[in-house]
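Written out below as structure tokens is the structure these notes cover.
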Amino acid sequence: MTEIKASDVKNLREITGAGMMDCKKALQEANGDQEKAIEALRKMGLKSVTKRAGKVAAEGFIGMYLHAGGQIAAIVELNCETDFVARGDEFQDCAKGIAMHVAAMKPAYLQESDIPEAIIEKEKQLVFDSLKENQKDMAEKITAGKLRKFYEDNCLVHQPYVKDDSGKLTIAQLVENLSAKVGEKVTVRRFAVFEVGEGIEKEVTDLAAEVQATLAGV
């Protein structure tokens with residue numbers, strides 16, 4: 001068995017924030033490989049969090065993001081179980097990061113269960129109507145794939161996190177990773193986006209016509 005040095009345990013603890021004993025155990029299981037140890041800690045954390053699925057996450061933090069000279073703002077409520085976790089820098093930074101994501105991507109819904117059934121049925125019909133004759137026998141499979149893309153485009157939890165360069169980390173996975181790290185149930189409860197002038201019908205004027213009318217009246 002690979003000898004686990006105290007410095008290795010200390011380094012892993014600084015990276016993950018996990019307890020000393022958990023870090024030592026993870027390193028032993030990974031034969032000293034830090035990357036494998038980090039993955040082992042993540043699995044340990046997720047296993048612990050799974051047991052807490054029924055817990056109430058009523059504490060939390062409201063992350064805010066302001067963009068474009070005050071023209072766009074987003075707020076996100078990220079919940080956890082304890083005030084101790086809610087006051088942590090990493091938890092609050094995550095909430096702020098998700099708020100920035102919301103401002104950039106403007107998701108319409110939090111998750112697929114929030115989408116009205118009528119809209120889902122309409123999407124299914126649009127997919128079916130677009131199928132060619134030789135695709136009709138694969139309609140169910142094609143529709144399922146198109147709906148997954150629709151959820152990814154419109155549901156916050158399914159969208160790839162804008163701050164992740166790989167483009168593979170979804171908001172759901174981001175929250176799951178944080179949950180495993182802090183050892184508590186963490187959830188995104190709600191979000192909102194505000195954009196100056198949104199929903200207001202702006203008056204469109206024809207400047208050339210106005211000039212002509214003014215000259216005609218002179």
Side-chain angles (χ1 to χ4, degrees), residues 42 46 49-50 52-58 60-68 70-80 94-180 185-206:
R42 179 178 179 276
L46 288 177
V49 169
T50 299
R52 307 181 71 83
K55 296 288 184 178
V56 176
F61 180 78
I62 293 179
M64 295 177 281
Y65 179 76
L66 191 63
H67 183 66
Q71 298 295 297
I72 301 173
I75 57 175
V76 168
E77 181 180 348
L78 188 64
N79 293 132
C80 57
C94 184
K96 293 173 185 176
I98 296 175
M100 186 184 78
H101 173 98
V102 167
M105 302 306 295
K106 299 184 180 65
Y109 308 97
L110 176 59
Q111 54 199 355
E112 56 208 72
S113 59
D114 295 328
I115 305 175
E117 189 62 32
I119 291 179
I120 294 178
E121 289 303 316
K122 182 180 179 180
E123 285 299 315
K124 288 181 179 179
Q125 189 60 51
L126 288 172
V127 174
F128 186 80
D129 291 344
S130 69
L131 295 176
K132 296 178 181 178
E133 194 59 39
N134 61 355
Q135 294 178 309
K136 294 294 175 69
D137 57 339
M138 297 180 63
E140 186 174 341
K141 184 176 181 180
I142 293 173
T143 300
K146 293 288 187 180
L147 279 179
R148 280 196 298 273
K149 184 62 171 65
F150 177 76
Y151 296 149
E152 183 179 304
D153 290 341
N154 294 278
C155 298
L156 174 61
V157 298
H158 294 301
Q159 292 181 334
Y161 186 35
V162 293
K163 295 181 72 174
D164 175 55
D165 294 334
S166 72
K168 297 178 181 179
L169 181 70
T170 65
I171 295 297
Q173 291 168 336
L174 174 71
V175 172
E176 183 182 85
N177 290 345
L178 178 62
S179 183
K185 179 179 179 181
V186 177
T187 59
V188 179
R189 184 185 176 208
R190 53 186 171 173
F191 69 89
V193 185
F194 302 92
E195 187 168 357
V196 172
E198 184 177 16
I200 300 175
E201 186 175 346
K202 298 179 181 179
E203 182 180 357
V204 179
T205 59
D206 186 334

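From a predicted model like this one, the values you see are computed outputs, not experimental measurements.
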How far does [atom1] of [X] sit from [atom2] of [Y], to the nearest 0.5 angstrom?
X: F191; Y: I75; atom1: CZ; atom2: CD1; result: 11.0 Å
X: R190; Y: L156; atom1: CZ; atom2: CG; result: 14.5 Å
X: Q173; Y: L178; atom1: CD; atom2: CG; result: 13.5 Å
X: I72; Y: M100; atom1: CD1; atom2: CE; result: 12.5 Å
X: L66; Y: Q71; atom1: CG; atom2: CD; result: 9.0 Å
X: Q159; Y: I98; atom1: CD; atom2: CD1; result: 11.5 Å

What pairs meet the side-chain hydrogen bond (donor to acceptor under 3.5 Å, both in side chains) rule with one or both residues in residues 117-128, with sequence neighbours excluded?
->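 Residue pairs passing side-chain hydrogen bond (donor to acceptor under 3.5 Å, both in side chains), neighbours aside: Q125-D129.
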Can you name the closest pair of heavy atoms from [X] and [Y] and give their distance?
X: Y109; Y: D114; answer: CD2-O, 3.8 Å
X: G63; Y: A99; answer: O-CB, 3.6 Å
X: V175; Y: V186; answer: CG1-O, 3.2 Å
X: V188; Y: L110; answer: O-CD2, 3.4 Å
X: A74; Y: V102; answer: CB-CG1, 3.9 Å
X: I120; Y: E112; answer: CD1-O, 4.5 Å

By side-chain contact (heavy atoms from CB on, under 4.5 Å), which residues pair with P160, not counting sequence neighbours?
-> E152
So, H101 side chain and Y161 main chain: donor-acceptor pair closer than 3.5 Å or not?
-> no
With side chains defined as the heavy atoms from C-beta onward, is the minimum distance between Y65 and V76 less than 4.5 Å?
-> no
Do L174 and D164 have side chains that get closer than 4.5 Å, going by heavy atoms?
-> no
Side-chain atoms of residues 139-150: list all donor-acceptor pairs with protein atoms under 3.5 Å, sequence neighbours left out, distances to 0.1 Å.
| from | atom 1 | to | atom 2 | distance (Å) |
| --- | --- | --- | --- | --- |
| T143 | OG1 | A139 | O | 2.7 |
| K149 | NZ | D153 | OD1 | 2.8 |
| K149 | NZ | D153 | OD2 | 3.0 |

